[in-house]
Amino acid sequence: MSAVRVRFAPSPTGYLHVGGARTALFNWLFAKHHSGVFVLRIEDTDAARSTEAATQVILDALEYLGLDWDEGPGRGGDYGPYYQSQRLDLYQKYAAKLMELGRAYECYCTPEELDQRRQEQIKQGKDTRYDGRCRHLSDQERLDLKAQGRVPVIRFASLEEGETPVEDLVRGTVTFDNVTQVDDFVIFKSDGMPTYNFAVVVDDALMKITHVIRGEDHLSNTPKQIQIYEALGFEVPKFAHIPMILGPDKSLLSKRHGATSVTQFYEEGYLASAMVNYLSLLGWGYDDSQTIFSVDELTEKFSLERVSKNPAVFDIQKLEWMNGVYIRELALPELYDVALPYWQKANLLPAEVSPAIKEYALRVLGELQTRLKLVADVIELGQYFFIDDYPYQPDIVRKILTKPQTEDVLNYVHDVIKDAPQLDEEYLKPQFKIGLEKFGIKMGELIQPIRVALTGTNVSPGIYDVLELLGKERVLARIERTLTMLREEELI
RNA sequence: GCCCCCAUCGUCUAGUGGCCAAGGACAUCGCCCUCUCACGGCGAAGACAGGGGUUCAAAUCCCCUUGGGGGUACCA
């Protein structure tokens, strides 16, 4: 087989949807697996909806995921340009060729007329298809129509009998009836731009694409495209239609289900490695016991034969879990690199971080690491490590710091800390135990109040770790601050 | 309306006629660890949509029904 060439062809009308990202990933994996070429092409023929900003967003999203392309925007390549809007001359050329061949013709029907006829067909229980009335217009008729101010579209003259089989690598052969399923569809709009079904064929053929891997939503359009390939004498590529991604209610995954744009996941602190791993499992599976795959493993193991046929529900909880798995696998300096921007954005750390503070932040991350699902969690979970005016959670304070012995306990701990040669478990635990007997309480009843006093919440890393990280000075100040707060609020 | 695709635990899936009284992962629940929360360990519950065939044997093949998804544009 000749070298594999695949492509991802997003239309820049918004953000990169996770479904699109998954399609890009499968193409990328397939290319890498076969040492082939991954082409990126921007399908911006819909001038009204396409924007440059949206293109950049998609490029950024792909880069974040690590899905680098071999040919395309910013990379060049021998089959450019890679923006459809810059390939108009090519589409015109091949449309003209089809007309010469008698496989395309001008159509002067208006959208209104078309719609009316379509409604009539539905009412009669028939297939909705163009009736072909402009297919054999005489020159005079054409002139008359034009004189009425009508601007024509160009339609493909489709086959009027037989069937068009689609050989699909994941679904097998799917056969479509030419008469009822492939009508004379528009290939050039009246605004002078080609339609998707036409441009995609010209581009894929000219770019020498060998495998078209795309969403199942394109399956029904494939016979139309195949007829164009054949009419133009192009070699028909192999097709693989991968299942759609659904929301929890089984409808197509969309914004109303929550985050769907890759950019958004990036901003919320999902690691590319986790995104890629999770996305790979949507519609593909390897064996019965493995769910964690490195990119290298995916590249090695990916195959279209193992792509599933049924649609997959996007499970954000599993993605979160997986992100946690990858966060735990990071070395601390790596975690620091991804966490730092979040802390800076929340004003917990300065733009310029001194070596000492970095050293401290690294230790904080060591404690936080197993507790993170999203990198962004470092803000919520770690703020009290960086600021002294951390907020107290009112309900927690009320629940834990309003016991009769609270004040005595805090004072006791304050004294212990003040005289402590070092703040580690080895020294402190025996001291705390003395307090336990003195107040007739359990360890938890001593530690929880300290925790709330030092952090403002009842959730934190182990208390001895917190104590050690904070250091004597800050611990004493915080206990004092808490005592003051309690008195001011008249809680003790 | 018409056409196409699909159908295993709540979810992602393993399963390609006997190895399946259906395996794994997430989620859920319980226990252990324990100063809280995580992490980790152990365990529980949980599915072949329904009905007909074919076969010695069906989750696996065929048909029907039902359900879900997609297409049916001068969107891509």
Side-chain angles (χ1 to χ4, degrees), chain A residues 9-13 43-46 48-50 84 107 109-111 114-115 118-119 121-129 151-155 166 168 170-171 174-177 180-181 183 185-191 193-197 199-200 215-223 241 243-244 246 248 250-252 278 281-292 306 308-322 324 328 367-373 381 396 400 429 432 442-448 450-452 455 457-464 466:
Chain A
S11 62
T13 54
E43 308 215 328
D44 54 355
T45 51
D46 186 349
R49 296 199 299 155
S50 301
Q84 287 192 328
C107 167
C109 299
T110 65
L114 260 15
D115 190 53
R118 196 158 29 234
Q119 295 311 321
Q121 288 169 331
I122 289 176
K123 207 188 294 178
Q124 292 177 9
K126 293 188 192 158
D127 300 290
T128 53
R129 59 198 313 274
V151 183
V153 298
I154 298 175
R155 283 183 186 275
V166 176
D168 191 281
V170 340
R171 274 147 228 282
V174 183
T175 303
F176 294 84
D177 182 78
T180 60
Q181 298 312 305
D183 70 348
F185 56 98
V186 174
I187 59 173
F188 250 89
K189 302 182 263 182
S190 55
D191 67 357
M193 293 298 269
T195 59
Y196 167 75
N197 281 130
V200 74
E216 197 205 315
D217 48 339
H218 291 284
L219 182 56
S220 296
N221 283 324
T222 308
H241 289 93
M244 311 276 26
L246 275 25
K250 304 281 178 114
S251 69
L252 218 49
Y278 179 70
L281 261 22
L282 248 30
W284 177 84
Y286 185 63
D287 63 20
D288 60 348
S289 59
Q290 189 174 2
T291 47
I292 299 297
R306 293 194 68 88
S308 126
K309 290 197 265 273
N310 36 344
V313 172
F314 190 83
D315 182 1
I316 188 75
Q317 281 185 312
K318 190 161 184 173
L319 207 211
E320 280 184 4
W321 163 78
M322 197 170 274
R328 273 170 251 134
E367 296 305 331
L368 258 29
Q369 192 167 27
T370 59
R371 297 167 169 84
L372 302 172
K373 274 198 159 66
L381 299 181
I396 303 294
I400 295 178
K429 197 165 188 176
F432 287 172
K442 295 183 174 175
M443 194 55 110
E445 295 172 282
L446 178 114
I447 284 179
Q448 279 302 74
I450 308 176
R451 172 170 283 118
V452 178
T455 70
T457 86
N458 61 343
V459 173
S460 85
I463 198 67
Y464 300 107
V466 173

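Each chain gets a letter, A, B and so on, in the order its sequence line appears, and its residues count up from 1.
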A:Ala9 vs A:Ile447, nearer the 5' end of RNA chain B by closest nucleotide:
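Of the two residues, A:Ile447 wins.
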Can you tell me the pairing partner of B:G46 across any strand shown, Watson-Crick or G-U wobble, with both distances under 3.5 angstrom?
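With both distances under 3.5 Å required, B:G46 matches none.
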Go through B:G69, B:U72, B:C5 for me and flag the one nearest to the A:Arg171 side chain.
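Per side-chain heavy atoms of A:Arg171, the pick is B:C5.
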Nearest-nucleotide pick for A:Ala312, side chain only, options being B:U13, B:G69, B:G10
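Closest nucleotide among those given: B:U13.
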[N] OP1/OP2 closer than 4.0 Å to side-chain N/O of [X]:
| X | N | answer |
| --- | --- | --- |
| A:Thr195 | B:A73 | no |
| A:Lys318 | B:U28 | no |
| A:Lys250 | B:U11 | yes |
| A:Asn310 | B:U8 | yes |
| A:Arg328 | B:G40 | yes |
| A:Arg118 | B:A73 | yes |

With P as the reference atom in both, quote the distance from B:A73 to B:A57 in angstrom, rounded to an integer.
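Going atom to atom, P in each nucleotide, I get 49 Å.
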Atom CH2 of A:Trp284 to atom P of B:G24: distance rounded to whole Å?
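Checked: the CH2 to P distance equals 19 Å.
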Would you call the rings of A:His218 and A:Tyr196 parallel, tilted or perpendicular, where under 30° means parallel and over 60° means perpendicular?
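Answer is tilted, since the angle falls between 30° and 60°.
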